[in-house]
Amino acid sequence: MNLYLEGKKVIITGGTKGIGRACVLQFCAEGAEVSFCSRSQQSVEALEAEIRALGGKAHGKAVDLYDKDAYLLWLKQAAEEMRGVDIFVSNVTGGTALGMDAWGAWKEFFDVDLMCAVDGFETLHPYLSESKFPAVTFVSSTAAIEYFPPSPPGFMALKSALITHAKTLAHHHGKTGIRVNTVSPGPVYVNGGAWEFVENEMSELYQSTLSQIPLGRMGTPDEVGSLIAYLSSPLASFITGSNLVIDGGLRKGL
C-alpha cells in the first residue's frame, strides 16, 4: 500500500532500537526523509549505513535526552537541515528503571517519556504548522489504560498522562490541521530488550503474560512501526485525538 509518505520530513526519537528503529526503517522505505536520535553514536552510524545501502535517506545523531538543552537544539537543527517537519514521533522511553528507588523511577519516566514529548511538540510546532499534512504520534503503552503489575513505579501514570496530553493537543490544534495521536503497544518482544530479559530471568512472569494474549505471542517492532507509519500518513487524515491499541488482544477492558 502506498502511504503517500514520499518526501515527507520525519523526526523520530529513540531511533536505533525496537519500535523506534522499526519506525525509521518503515518511513525510509516509504520514501520519507528521516532524522533520528539515539544515545549511542555507534548505533546511529550503523543504522545510517544500513539505510543508505537500502537507498533511503536518514540523518542520525547521538543525543542525551536527559540533557534538555541538547535535545531541543537537536530538534531545531534537524528541522532546519530538512527544511521543515511533517511528522514527529516521540518514541523514546526511560527504560525499565531497574534498580532505581521509586522517586528515581518516577523522575526518569517524567523527564523522558512525558517531557520529551511535551517539549518536543512545542519546539517543533512552528515547523509542523507550516506542513500540509502535519502528524504527531506519542508512543504510550497498554499499561497506561489497564493495570499491569510488572510496570515500574510511575510508568503507568506517566504513560497515561501522555495519552491525556495528546488528546488536549489534538483539540487545541485541530483547526490548524495538526493531528496528534498516541499508540499504545502491549508486550513487544525485542532481541536484547526488556521482554527477552523477563523471558530469561523471570520465566514465570513471561509465561503468565504470554498466556493472557489471545493471539498467543508478543508483538514485533515492525508491527508497531507499520501502525505508526499509517497513522502518520495522509491515509489517516481523519484520525486525531485517538489512542490506538496494538496488543494482540491482551487488554480486557471494553
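This structure is a prediction, so every number in the text was calculated from the model and none was measured. These numbers come from the heavy atoms of this one structure, side chains and all, not from hydrogens, waters or symmetry mates.
Counted within 6.0 Å of NZ on K17, heavy atoms from surrounding residues, nucleotides or ligands total 12 or fewer; the atom is thus considered open. More than 12 heavy atoms of other residues, nucleotides or ligands sit less than 6.0 Å from atom CZ of F148.
Counting only distance, with no hydrogens or angles, the side chain of T168 and the backbone of T164 share a donor-acceptor pair below 3.5 Å. Looking only at distances, a side-chain donor or acceptor of K159 sits under 3.5 Å from a matching main-chain atom of V139. In this structure a side-chain-to-backbone donor-acceptor pair under 3.5 Å is missing from D86 to P134. Here the side chain of S38 pairs a donor or acceptor atom with the backbone of S40 at under 3.5 angstrom. S211 contributes a side-chain N or O that, together with a main-chain N or O of S208, makes up a donor-acceptor pair within less than 3.5 Å. Under a 3.5 Å cut-off, the side chain of T93 and the backbone N or O of D113 do not form any donor-acceptor pair. Here the side chain of S90 pairs no donor or acceptor atom with the backbone of F138 at under 3.5 angstrom. Side-chain N or O atoms of S226 include none that pairs as donor or acceptor with a backbone N or O of E223 at under 3.5 Å.
Each of V89, L227, I19 was compared with V183 under the side-chain contact (heavy atoms from CB on, under 4.5 Å) criterion, and only L227 meets it.
Residues T182 and N243 bring a donor and an acceptor atom of their side chains to less than 3.5 Å of each other. Defined by atom type and a distance below 3.5 Å, a donor-acceptor pair is present between the side-chain atoms of Q212 and K252. When only modelled atom types and interatomic distance are considered, Y66 and E108 share a side-chain donor-acceptor pair under 3.5 Å. For the residue pair E45/Q41, the side-chain donor-acceptor check at 3.5 Å is satisfied. Donor-acceptor pairing under 3.5 Å is recorded for the side chains of Y127 and E80. Neither side chain, D247 nor T142, offers a donor N or O lying under 3.5 Å from an acceptor on the other.
Under the 4.5 Å side-chain heavy-atom criterion for grouping Ile, Leu, Val, Met, Phe, Trp and Tyr, L72 is connected to V85 within one hydrophobic cluster.
No side-chain heavy atom of V10 sits under 4.5 Å from any side-chain heavy atom of V24. In this structure, V44 and E48 have side chains that are in contact, with non-hydrogen atoms separated by less than 4.5 Å. Looking only at side-chain heavy atoms (C-beta outward), L3 and Y230 come within less than 4.5 Å of each other. Counting only heavy atoms from C-beta outward, the side chains of Y206 and N200 never approach each other to under 4.5 Å. Looking at Y4 and S233, their side chains never come closer than 4.5 Å, going by heavy atoms from C-beta outward. Residues M218 and T209 have side chains in contact (heavy-atom distance under 4.5 Å, counting atoms from C-beta outward). Two residues are said to be in side-chain contact when any heavy atoms from C-beta on lie closer than 4.5 Å; D119 and K68 meet this criterion. Residues K76 and T123 meet the side-chain proximity criterion, which asks for heavy atoms closer than 4.5 Å.
Rounded to the nearest 0.5 angstrom, L235 CG and S237 OG are separated by 7.5 Å. Atom CG of L124 is separated from atom CG of L75 by 5.0 Å, given to the nearest 0.5 angstrom. The CG atom of L244 lies 6.0 Å from the CD1 atom of I239; values are rounded to the nearest 0.5 Å. Atom CD1 of I12 and atom SG of C37 lie 9.5 Å apart (nearest 0.5 Å). To the nearest 0.5 Å, atom CG of residue L250 and atom CG of residue L215 are 10.5 Å apart. The CZ atom of R21 sits 13.0 Å away from the CG atom of N91 when rounded to the nearest 0.5 Å.
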Legend entry - Derivation of the side chain to side chain donor-acceptor pair (under 3.5 Å) call for Y189 and E199: CA-CA 10 Å; Y189 193 96; E199 181 184 26; 2.5 Å; yes
Legend entry - Steps toward side chain to side chain contact (heavy atoms under 4.5 Å, CB included) verdict (I163, I145): CA-CA 9 Å; I163 295 172; I145 52 179; 3.9 Å; yes
Legend entry - Worked verdict on E146 versus R251 for salt bridge (Lys or Arg N to Asp or Glu O under 4.0 Å): CA-CA 7 Å; E146 184 164 294; R251 190 172 71 97; 5.2 Å; no
Inset, instruction - Go through the steps to decide whether H125 and I178 satisfy the test side chain to side chain contact (heavy atoms under 4.5 Å, CB included), and finish with yes or no. - result: CA-CA 9 Å; H125 176 255; I178 299 176; 3.6 Å; yes
Legend entry - side chain to side chain contact (heavy atoms under 4.5 Å, CB included) assessment of R179 paired with H173: CA-CA 7 Å; R179 297 187 299 111; H173 296 283; over 6 Å; no
Inset, instruction - Verify side chain to side chain contact (heavy atoms under 4.5 Å, CB included) between T220 and V188, making sure each step is shown before the conclusion. - result: CA-CA 5 Å; T220 69; V188 173; 5.6 Å; no
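Of the charged side-chain nitrogens involved, none lies within less than 4.0 Å of a carboxylate oxygen, so that E81 and K9 do not count as a salt-bridged pair.
Shown here for V92 and G14, the closest heavy-atom pair between the two residues is CB-N, 4.2 Å. Between V34 and C28, the closest heavy-atom pair is CG2-SG, 3.7 Å. Closest approach of E196 and V190 over heavy atoms only: CB-O, 3.9 Å. Summarising the geometry of A117 relative to L162, their closest heavy-atom pair is CB-CD1, 3.5 Å, with the distance given to 0.1 Å. Here the closest non-hydrogen pair linking S140 and P185 is O-CD, 3.3 Å. Residue G120 comes nearest to F88 through the heavy atom pair C-CE2, 3.8 Å, listed as atom of the first residue, atom of the second, then distance.
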